[in-house]
> 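This is the structure I have questions about; it appears just below.
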Amino acid sequence: MKVLVIGGGAREHALCRSLSLDPDVNALYCAPGNAGISEVAELRPVDALDGEAVARLATELGADLVVVGPEAPLVAGVADAVRAVGIPVFGPSAEAARLEGSKAFAKDVMAAAGVPTARSYVCTTADEVDAALDAFGAPYVVKDDGLAAGKGVVVTEDRAAARAHALACDRVVIEEFLDGPEVSLFAITDGVTVLPLQPAQDFKRALDGDEGPNTGGMGAYSPLPWADPKLVDEVMESVLQPTVDELRHRGTPFSGLLYAGLAITSRGVRVIEFNARFGDPETQVVLARLRTPLASVLLNAAQGTLHAEPALSWREDAAVTVVIASHNYPDTPRTGDPIEGLAEVAAEDAPDAYVLHAGTRREGDAVVSAGGRVLSVTATGSDLAQARERAYKAVARIRLDGSQHRTDIAAKAAERR
Ligand code: AMP
Ligand code: GLY
């Protein structure tokens, strides 16, 4: 099978790594990719937001499957453009990707499907904003309706700050604050059949102890030793299947990866958000644990034949990933700094620990930083404590001027053993 992956972050590196290990895959391309992905896939330049260009590239390469990684191309209709030239694509249509692209749309789908989520108001005027803020009280949760690359959500005790964020957006969702640990649960679906993956936990804040600003995600681990073993079944029944059914009934079936961001509250599981693609950095740890070869599962989802897939098989291992971010992330990250120590990790720590690249590029013989999140150092082990130890040992070998990373990824969960 010839596979083309669209995107160029650590999530796409994790996808390409898994696909490169799949005996069914005999040619693997990534566009535009990054310095690390070039070691497992052939890179092609492309504007990932240009559906026509992506479809042309897929046709030229004779791709049997296109996998669209990030949300922006999905919302822009890249999967539709590829489907239009008759090539199977893993990723939802622009219509179905509105589940991530519009928080108000997601709320409407959840209400219709009876999916538990925070109570909310959609507001477009200052009066509506004030009424909603007063109705829920502090802590305030204000979400830009549209895609905002992780920066659209403000959670604050400060009413003035909440109001200012709301008024800076055209349309906002203001909602009830949800208390309790967060879980990311992914499911692969063809629009009818839903195949859940294993849950993971992401660390959204920039600094240790969940301090500092929100980021795209600074680390993740899986499995969750503290979670109820029935969690996946429960979320399948109350969230994932009803959402997929609702979108199909609306005539806009969702095929691809449905990401449920959940809060485990004292009153039960609630959806915080949906995404229409694999999460980053959670994918790095979930795929590290997946035993089933990935390509045929993604192809079956793309072709509407997922019912033919048996349940996924998982390793006993635990996995931890630690994100190394550039100086000044998430504000205005500095780029162009050389990264050293990659060869040492490959020589000393592989295969238990390895480096997935996010924002990197080659400059002559050097690899330099090219984005906010630069590397996602991933490790497996017999338990979280061992995976964590291996991940941080590899992190310590990496040298990137001014870089930052959290030191407490999976720490609490590992202590529970
Ligand atoms: P989102 O971009 O929707 O994932 O939101 C970013 C982060 O804001 C989430 O991971 C949560 O930590 C937090 N958040 C979002 N909605 C709520 C809510 N209703 N209650 C508490 N925290 C929330
Ligand atoms: N890790 C959060 C996200 O992918 O949206």
Side-chain angles (χ1 to χ4, degrees), residues 7 9-12 14-15 69-72 74-75 97 99-107 110 116-122 132-133 135-157 162 165-166 169 172-186 197 199-206 210-222 256-267 269-287 321-323 325 330 356 358 372-373 376 406 409:
R11 161 189 48 215
E12 286 76 30
L15 285 164
E71 63 275 18
L74 293 167
V75 171
L99 205 55
E100 172 165 4
S102 166
K103 304 229 182 242
F105 176 76
K107 286 291 186 189
M110 284 189 269
T117 184
R119 288 178 296 121
S120 65
Y121 295 105
V122 180
L133 292 175
F136 293 125
Y140 302 99
V141 181
V142 181
K143 303 186 171 186
D144 191 342
D145 179 49
L147 280 189
K151 290 183 184 162
V153 178
V154 167
V155 180
T156 176
E157 297 280 340
H165 178 61
C169 306
V172 287
V173 173
I174 295 181
E175 68 181 31
E176 153 192 37
F177 178 79
L178 298 174
D179 212 356
E182 287 179 41
V183 172
S184 302
L185 182 62
F186 305 161
L197 307 191
Q201 189 168 50
D202 177 20
F203 292 75
K204 295 252 185 199
R205 300 296 191 106
D210 295 326
E211 303 283 338
N214 251 317
T215 70
M218 294 299 289
Y221 67 92
S222 177
L257 194 290
L258 178 58
Y259 167 138
L262 307 163
I264 315 297
T265 76
S266 53
R267 288 171 299 138
V269 172
R270 300 281 184 278
V271 174
I272 291 185
E273 61 160 351
F274 282 127
N275 291 319
R277 38 85 195 166
F278 281 97
D280 189 347
E282 298 97 312
T283 300
Q284 287 86 300
V285 290
V286 171
L287 292 185
T321 193
V322 178
V323 170
L356 298 170
R373 290 189 290 177
S376 188
R406 281 182 63 158
I409 303 300

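One-based numbering, in listed order, for ligands and for the atoms of each. Keep in mind the model is a prediction, meaning the values are calculated, not measured.
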> Please list, in number order, the atoms of ligand 1 under 4.0 Å from a heavy atom of Phe177.
20 (N), 21 (C)
> Is there a heavy atom in Lys143 that sits closer than 4.0 Å to ligand 1?
yes
> Out of curiosity, Leu74 CG to Asn275 CG, how far, rounded to the nearest 0.5 Å?
10.5 Å
> Counting only N and O atoms by type, is there a donor-acceptor contact under 3.5 Å from the side chain of His165 to the main-chain atoms of Val141?
no
> Considering only heavy atoms of Gly279, which atoms of ligand 2 have at least one such atom less than 4.0 Å away?
4 (O)
> Measuring from atom CG of Asp145 to atom NZ of Lys107, what distance do you get when rounded to the nearest 0.5 angstrom?
11.5 Å
> Any non-hydrogen atom of Tyr259 lying under 4.0 Å from ligand 2?
yes
> State plainly whether the residues Lys143 and Glu273 are in salt-bridge range, i.e. N to O under 4.0 Å.
no
> Within the 4.0 Å heavy-atom shell around Glu273, which atoms of ligand 1 are there?
1 (P), 2 (O), 3 (O), 4 (O)
> Are any of the N/O atoms on Leu178, whether in the backbone or the side chain, positioned under 3.5 angstrom from an N/O atom of ligand 1?
yes
> So does Lys204 get a backbone contact from the side chain of Thr215, meaning a donor-acceptor N/O pair under 3.5 Å?
yes
> Could you tell me which atoms of ligand 1, counted from 1 in the order shown, lie closer than 4.0 angstrom to a heavy atom of Lys204?
4 (O), 10 (O)
> Quick check on Gly217 - does any of its heavy atoms sit under 4.0 Å from an atom of ligand 2?
no
> Around Phe105, counting heavy atoms of other residues, nucleotides and ligands shown, do more than 12 lie under 6.0 Å from its CZ?
yes
> Short list, please: which atoms of ligand 1 are under 4.0 Å from a heavy atom of Glu182?
9 (C), 10 (O), 11 (C), 12 (O)
> Just one of Glu282, Arg277, Glu100 clears the side chain to side chain donor-acceptor pair (under 3.5 Å) bar with Tyr259, so which one?
Glu282
> Checking Glu182 side chain against Gln201 main chain: does a donor-acceptor pair fall under 3.5 Å?
no
> Flag the pair Ser376 / Arg11 as yes when at least one side-chain heavy-atom distance between them is below 4.5 Å, and no otherwise.
no
> In terms of relative ring orientation, are Phe136 and Tyr121 parallel, tilted or perpendicular, with 30° and 60° separating the classes?
tilted
> State if Gly216 counts as touching ligand 2 under the rule of any non-hydrogen atom under 4.0 Å.
yes
> Is the shortest heavy-atom distance from the side chain of Ile409 to the side chain of Val323 under 4.5 Å?
no
> State plainly whether the residues Arg270 and Asp179 are in salt-bridge range, i.e. N to O under 4.0 Å.
no
> Looking at ligand 2, does any of its N/O atoms fall within less than 3.5 Å of an N/O of Glu282?
yes
> Near Glu175, which atoms of ligand 1 are under 4.0 Å from a heavy atom of that residue?
16 (N), 17 (C), 18 (C), 19 (N)
> At a 4.0 Å threshold, what atoms of ligand 2 neighbour a non-hydrogen atom of Asn275?
5 (O)
> Report, in ascending order of atom number, the atoms of ligand 2 lying under 4.0 Å from any heavy atom of Lys204.
2 (C)
> Side chain, backbone, both or neither: which part of Glu176 comes within less than 4.0 Å of ligand 1 when only heavy atoms are counted?
backbone
> Quick check on contacts: which atoms of ligand 2 are under 4.0 angstrom from a heavy atom of Asp202?
1 (N), 2 (C)
> Taking 4.0 angstrom as the limit and counting only heavy atoms of Val141, give me the atoms of ligand 1 inside it, by number and element.
16 (N), 17 (C), 18 (C), 19 (N), 20 (N)
> Show the atoms of ligand 1 that are less than 4.0 angstrom away from any heavy atom in Ile272.
15 (C), 16 (N)
> Go through ligand 2 atom by atom and flag the ones less than 4.0 Å from a non-hydrogen atom of Arg277.
3 (C), 4 (O), 5 (O)
